[in-house]
Engineer: 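Shown below is the structure under consideration.
Just so it is clear: chains get the letters A, B, ... in the order the sequence lines come, proteins before strands, and each one is counted from 1.
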Number of protein chains: 2
Amino acid sequence: MARVRLIDVAERAQVSMKTVSNVVNGYAHVQPAMRARVQAAIDELGYRPNLTARRLATGRTGMIALAMPEIDHPYFGEMASHLADIALERGYRVIIEQTLSDPEAEKAVLQDREAGLVDGVIFQPTRMATLDIARLHDDLPLVLLGEVDAPVTTDHVMIDNVAAAHDAVAHLLASGRQRVAFLGLVDGDITMTNRRRLLGYQEALVAAGVRLDPELVLHAHGFDSHDAEAAVEAAVERGLEFDAILSRDDRFAAGALTALRRRGRSVPDAVAVVGWDDSAIAGYTSPTLTSVAPDKRALATRAFDLLHERMHGHHGAGRHVVVPHAIAVRASAPAG
Amino acid sequence: MARVRLIDVAERAQVSMKTVSNVVNGYAHVQPAMRARVQAAIDELGYRPNLTARRLATGRTGMIALAMPEIDHPYFGEMASHLADIALERGYRVIIEQTLSDPEAEKAVLQDREAGLVDGVIFQPTRMATLDIARLHDDLPLVLLGEVDAPVTTDHVMIDNVAAAHDAVAHLLASGRQRVAFLGLVDGDITMTNRRRLLGYQEALVAAGVRLDPELVLHAHGFDSHDAEAAVEAAVERGLEFDAILSRDDRFAAGALTALRRRGRSVPDAVAVVGWDDSAIAGYTSPTLTSVAPDKRALATRAFDLLHERMHGHHGAGRHVVVPHAIAVRASAPAG
DNA sequence: AGATGACTTTACAGCGCTGTACATTGTGGT
DNA sequence: ACCACAATGTACAGCGCTGTAAAGTCATCT
């Protein structure tokens, strides 16, 4: 059966196409009787508007792209889930762009709009410096997730990574820990996020009068939890003393737990561990993971809000929105 | 700056729009000189084709919808990641439909095509009976993921759940377990998948000459890992004896691990646990989780292949494709 | 009664692209 | 030199919808 078009409905209801269009779009000034007549024709014919045609006519696609490094990473999965939710609520569809942290893929993201594909993009960059993004993105409505390394004209939404790291370390110190390691520097990670977390970590130690020890900053050679595992094992191996770990994310923290278990260091007795992201992982590990908890819903909501404004013509300077965070306390680093 | 259109390029290159179109689309019969001239104009003007217009003209959207209950579930996240990969490779975009297991949302999925949004849909239903799907789906190219409850005209891709459950139980029995519980019946779960897993579980026990004990089939009251936790705790509480658990998915298995730990039952010594999905979770739990491992890449590839054929006019009967599975052996249920 | 203005509905161009039908050019055979 | 035929390029309609401008309708005002 051929698709039913607007004009078919119009003929059936003996009205103009535009009137049908008005009914479909809920335009106010349509007589109830007329509306009912048209609606009847729509129902009888089972008419569904063709969104592609509407897009061409209106210039709006009703879609946004969501560009993230990996959709199967728990944090990004949760963010995607929230954003899909919110977008649906506001009448947008979401198309997924998985960059896999490939610079080319990240660049391509910024050109989708030029292709008329989406009205805007929410983008969590990992390989692209913010300045490059700013340079490339023309007038594409764009909101960045995560830290930026320069005050540019692009909107972005984030938590206060310095304060969050500070809070996490304070939590550890308050529970009596003395030697807090930071697990998270990764070769080739050029994003600002981690540097700010490291900064907050250092600030909290200094504020508490604890001497900084560069040895306590652990490096991993990759982004996988096994890389974290290896880093922690190596630290234990070389005799590094520490009674707490603040990790860049929950996956790394899970790797740390594995390494500590294997080395016979009990958690949280010998070593407390704090993860980051408060992802579902935190509930599956043993012990469960205390984790820095960005308000993901707020992150998603604010990002969408900013994007919405941009898509509706807002042209001001880049805005930096900070959303709340908390420390989700679980077994791996209990209070007190 | 206004968008550059095909006609702008045509004027610049002093040729017809169609010739530019031919160059853009790589049509064979264009003289190299002509091609170069047009390409130059394209480059100078920075022309990008408008995909919406192309869609309207061709009737193809180049997009597929991926409909799953939760994008932040590790299994679905991994499937989405594979599918996004494959789709990108084959020149399709993926739009995400998160149904959250809402029957209305599932119904809406089937109508997207009517709206001209996508060329096809890959759909993992949870609340909708397959027959309803078949009845609703018209000629929308559609491939189902997961078991179906009746031989219908819809394509679908799955693993052999009976055999997989059988294999999992066989693995447990081979390692000397006698009393294997099945954790996974959930109130309100109407999908066939679990029934087939239960069937495979029973078959394997019977084949090994072990008497079936209905007590060993554990019920949960919801889909969350806490529900599984509660079910296992309740079982221990009422004195049920078992030395192994086969779980419907890894999240449930993680819940079981938590319950067992709290009850002082060591894993795998006292109780072996086998999860299902071989998701990332399996690596984060302690002990790590032995898990039934569907070949997710194959699942995604085959699903896309079937969909591709449907989108290109294949109209045969519903095909049922079975992809391989394995048992990913980890610490919670070691061999031997 | 005729004019006024608010509310409804209509007609039609046009969003940017591609498919079709046709015009033009070039090649080789006779 | 002429024709048939393939290879290239062109013109234009039309995909299905919405925006705009204009036309029609009707109650109210003078």
Engineer: Which heavy atom in A:L307 sits nearest to a heavy atom in A:I64, and how many Å separate them?
Structural biologist: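 Smallest interatomic distance, heavy atoms only, reads CD2-CG2, 3.9 Å.
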Engineer: Strictly distance-based, threshold 3.5 Å: is any side-chain N or O of A:E106 a donor or acceptor partner for the main-chain N or O of A:M128?
Structural biologist: yes
Engineer: DNA chain D: B:K18 or A:Y47, which has the more 5' nearest nucleotide?
Structural biologist: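 Residue closer to the 5' terminus by nearest nucleotide: B:K18.
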Engineer: Angle class for the B:H73/B:F76 ring planes (parallel below 30°, perpendicular above 60°, tilted otherwise)?
Structural biologist: tilted
Engineer: Check every nucleotide of DNA chain D for an atom under 4.0 Å from a heavy-atom of chain B, then give the first and the last such nucleotide from 5' to 3'.
Structural biologist: D:dT8 to D:dG16
Engineer: Could you please spell out the steps behind the side chain to side chain donor-acceptor pair (under 3.5 Å) verdict for B:T99 and B:Q124?
Structural biologist: CA-CA 9 Å; B:T99 63; B:Q124 174 115 21; over 6 Å; no
Engineer: Quick one: does any side-chain atom of B:H314 pair with a main-chain N or O of B:G316 as donor and acceptor, under 3.5 Å?
Structural biologist: yes
Engineer: If you pin B:M34 and B:A57 to their nearest nucleotides in DNA chain D, which one's is more 5'?
Structural biologist: B:M34
Engineer: Under 4.0 Å between any heavy atoms, over every strand shown, what does B:T19 touch: base, sugar-phosphate, or nothing? Just pick one.
Structural biologist: base
Engineer: List in numerical order all residues of residues 5-15 of chain A for which some heavy atom is under 4.0 Å away from an atom belonging to DNA chain C.
Structural biologist: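 Output list: A:V15.
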Engineer: Applying side-chain contact (heavy atoms from CB on, under 4.5 Å) between B:P141 and each of B:E309, B:M311, B:H312, report the one that passes.
Structural biologist: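 Filter result, single survivor: B:M311.
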Engineer: Kindly give the heavy-atom pair with the smallest separation between B:D102 and B:R127, and that separation in Å.
Structural biologist: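 The answer is N-CG, 4.4 Å.
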Engineer: Could you tell me whether the side chain of B:S21 and the main chain of B:M17 form a donor-acceptor pair under 3.5 Å?
Structural biologist: no
Engineer: Quickly work out the A:N22 CG to C:dA11 P distance and round it to whole Å.
Structural biologist: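 Distance, rounded to whole Å: 14 Å.
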